[in-house]
Student: 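Sharing a structure below in structure tokens format, with a few things to ask.
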Amino acid sequence: MGRYVARRLLQMIPVFIGSTFLIFAMMYALPGDPVRALMGEQQFDPAILEAKRHELGLDLPLWQQYLNYFTGLLQGDFGTEIGSGLPIADTISMAFPVTLRLTLFAFTFTVVVGIGLGMVAGLKPESVRDRGLLGLTLVLISMPSFVLGYLMQYLFAFQLKLITPTVQDSESFGDLFLPAIVLGSLSLAYVARLTRTSMAENLRADYMRTAVAKGLPRRRVVGVHLMRNSLVPVVTFLGTDIGNLMTGAIVTEGIFNVHGVGNAIFRALVSREGATVVGIASLIVLVYLLCSLLVDLLYAVLDPRIRYA
């Protein structure tokens, strides 16, 4: 197990470098000039603009700019915003915990409700509740997140007046509850359908017939034999879904005025603060890689046939 983890960690290094370089190159290729955007509508001598670009290192080749950025990143330095002059690490430290908190709420909602609904439907395939679940999840999958967000906001904030239309305190669970439901709804639909399909297939497996024939209690048959094998594809989806929730939070944060990563990325794109976007994206890439490793380790827990030498 230790060798496997060490090998996977070593494999993450080129993946992380390649991912951050691609993001950095895409920001480099975007039209516009961050120095010119900093000056606003005023007219400046081109020599002054060139001097500012040289000071910030924006006149260097792409590979050299990335090398300077990556060297600073290894030392914990995400760079400095061109417009405000503030360290990008400060921007990330304020925005990232908000999005992470929202993502964890949405992930918990997805796991608990999604797997629960999938179990209810999967134990009785082709029943009324099974068809009802398939219909509900189809509606959630086909509905864009911004439509669902505005709909939930209209119903619960403006009509029922149960909550405020926008988030007032990003540390309050009550304020983040509705955005978390909107953010996790699409993932919930996929998790419920995956759980339902996997359980319906495994109910017909030989090992299930053997467990029932041996006279094992239904709680043990379902909880140990059926669920452990049925959750393998669900865990695979959930492992990558954490990163998807963090990137998908951009739309949700805009609807509910949550000052998280989405708000920070939007402001950075408008002002052409490429280093801010790359810094936030680098953390999200790390989340993806670590969750992928965790999922692979969970396979051995769920399926005893899997062993990592």
Side-chain angles (χ1 to χ4, degrees), residues 1 4-5 8 103-145 148 180-248 287-309:
M1 178 69 76
Y4 175 79
V5 174
R8 285 295 306 274
T103 300
L104 290 177
F105 287 166
F107 183 77
T108 303
F109 170 71
T110 299
V111 171
V112 174
V113 180
I115 294 179
L117 291 176
M119 288 178 59
V120 170
L123 290 174
K124 293 289 185 180
E126 304 303 328
S127 62
V128 175
R129 62 190 184 189
D130 181 32
R131 297 182 185 278
L133 173 71
L134 294 177
L136 173 63
T137 54
L138 182 61
V139 171
L140 292 177
I141 291 172
S142 60
M143 183 179 296
S145 58
L148 180 62
I181 291 178
V182 173
L183 178 60
S185 294
L186 178 60
S187 300
L188 179 147
Y190 285 120
V191 168
R193 293 174 76 96
L194 272 174
T195 306
R196 177 262 174 198
T197 302
S198 185
M199 290 187 67
E201 290 178 356
N202 287 322
L203 277 174
R204 301 188 296 268
D206 292 338
Y207 69 87
M208 287 297 296
R209 298 192 186 97
T210 302
V212 174
K214 288 168 63 177
L216 295 178
R218 179 174 174 80
R219 180 181 302 176
R220 181 172 178 80
V221 172
V222 174
V224 178
H225 296 279
L226 180 60
M227 284 304 300
R228 284 182 64 176
N229 289 279
S230 300
L231 285 179
V232 171
V234 179
V235 168
T236 303
F237 174 81
L238 289 174
T240 58
D241 191 54
I242 294 181
N244 293 333
L245 289 173
M246 295 188 70
T247 53
V287 171
Y288 267 110
L289 294 175
L290 293 177
C291 289
S292 176
L293 175 60
L294 180 61
V295 166
D296 287 345
L297 297 179
L298 283 176
Y299 286 158
V301 177
L302 295 172
D303 192 342
R305 297 171 296 180
I306 299 176
R307 290 291 181 266
Y308 297 118

Student: Does the pair Leu117 and Leu188 meet the rule for a side-chain contact (heavy atoms from CB on, under 4.5 Å), with working shown?
Tutor: CA-CA 9 Å; Leu117 291 176; Leu188 179 147; 4.3 Å; yes
Student: Does atom CZ of Arg220 have more than 12 heavy-atom neighbours from other groups under 6.0 Å away?
Tutor: no
Student: If you look at every heavy atom in Thr110 and Gly184, which pair is closest and at what distance?
Tutor: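 Nearest pair, atom of Thr110 first, then Gly184: OG1-O, 3.3 Å.
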Student: Counting distance only, does the side-chain N/O of Ser230 pair as donor-acceptor with the main-chain N or O of Leu226 below 3.5 Å?
Tutor: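 Side chain of Ser230 to backbone of Leu226: a pair is present.
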Student: Would you give the length of the straight line joining atom CG of Leu231 to atom CE of Met119, rounded to the nearest 0.5 angstrom?
Tutor: 8.5 Å
Student: Okay, side chain of Asn202, backbone of Ser198: is any donor-acceptor separation there less than 3.5 Å?
Tutor: yes
Student: Could you report the tightest heavy-atom contact between Ile242 and Thr103, atom names first, then the distance?
Tutor: O-CG2, 3.8 Å
Student: With the side chain counted from C-beta on, respond yes when Val287 and Cys291 share a heavy-atom pair under 4.5 Å apart, and no when they do not.
Tutor: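 Side chain of Val287 against side chain of Cys291, heavy atoms only: contact under 4.5 Å found.
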Student: Any side-chain heavy atom of Asp206 sitting closer than 4.5 Å to one from Arg209?
Tutor: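 They are in side-chain contact.
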Student: Set out, in order, the CA-CA distance, both residues' side-chain angles and the distance that settles side-chain contact (heavy atoms from CB on, under 4.5 Å) for Leu245 and Leu183, then state yes or no.
Tutor: CA-CA 7 Å; Leu245 289 173; Leu183 178 60; 4.0 Å; yes
Student: Could you check whether any side-chain heavy atom of Leu186 comes within less than 4.5 Å of a side-chain heavy atom of Leu140, counting everything from C-beta outward?
Tutor: no
Student: Are the side chains of Leu203 and Met208 in touch, meaning some heavy atoms are under 4.5 Å apart?
Tutor: yes
Student: Grab the two heavy atoms, one from Gly122 and one from Met199, that are nearest each other, plus how far apart they are.
Tutor: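 Distance-wise, the nearest heavy atoms are CA-CB, 4.3 Å.
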Student: Side-chain contact test, heavy atoms from C-beta onward, threshold under 4.5 Å: evaluate it for Leu238 versus Val111 and give yes or no.
Tutor: yes
Student: If you take all heavy atoms of Leu133 and Gly118, which pair is closest and at what distance?
Tutor: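 So the minimum-distance heavy-atom pair works out to CD2-CA, 4.2 Å.
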Student: To the nearest 0.5 Å, what is the distance between OG1 (Thr195) and CZ (Phe237)?
Tutor: 10.0 Å
Student: Do side-chain atoms of Thr197 reach the backbone of Leu194 as a donor and acceptor pair under 3.5 angstrom?
Tutor: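 Side chain of Thr197 to backbone of Leu194: no pair is present.
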Student: Where is the tightest heavy-atom contact between Val295 and Val235, given as atom of each residue plus distance?
Tutor: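 Heavy atoms of Val295 and Val235 come nearest at CG2-O, 3.6 Å.
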Student: Can you name the closest pair of heavy atoms from Phe105 and Ala180 and give their distance?
Tutor: CB-CB, 3.6 Å
Student: With side-chain contact (heavy atoms from CB on, under 4.5 Å) as the test, would you mind laying out the steps for Arg196 and Thr137 before giving the verdict?
Tutor: CA-CA 11 Å; Arg196 177 262 174 198; Thr137 54; over 6 Å; no
Student: With a 4.5 Å cut-off on side-chain heavy atoms, are Leu289 and Leu293 touching?
Tutor: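 No; the side chains remain at least 4.5 Å from each other.
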Student: Quick check against the 3.5 Å criterion: does Ser142 have a side-chain atom that pairs as donor or acceptor with the backbone of Val139?
Tutor: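 Yes: the side chain of Ser142 pairs with the backbone of Val139.
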Student: Using the side-chain contact (heavy atoms from CB on, under 4.5 Å) definition, which of the options Leu138, Leu136, Asp130 pairs with Leu134?
Tutor: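 Considering Leu138, Leu136, Asp130, a side-chain contact (heavy atoms from CB on, under 4.5 Å) with Leu134 is found only for Asp130.
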Student: For a 4.5 angstrom cut-off between non-hydrogen side-chain atoms, does Ser185 reach Met143?
Tutor: no
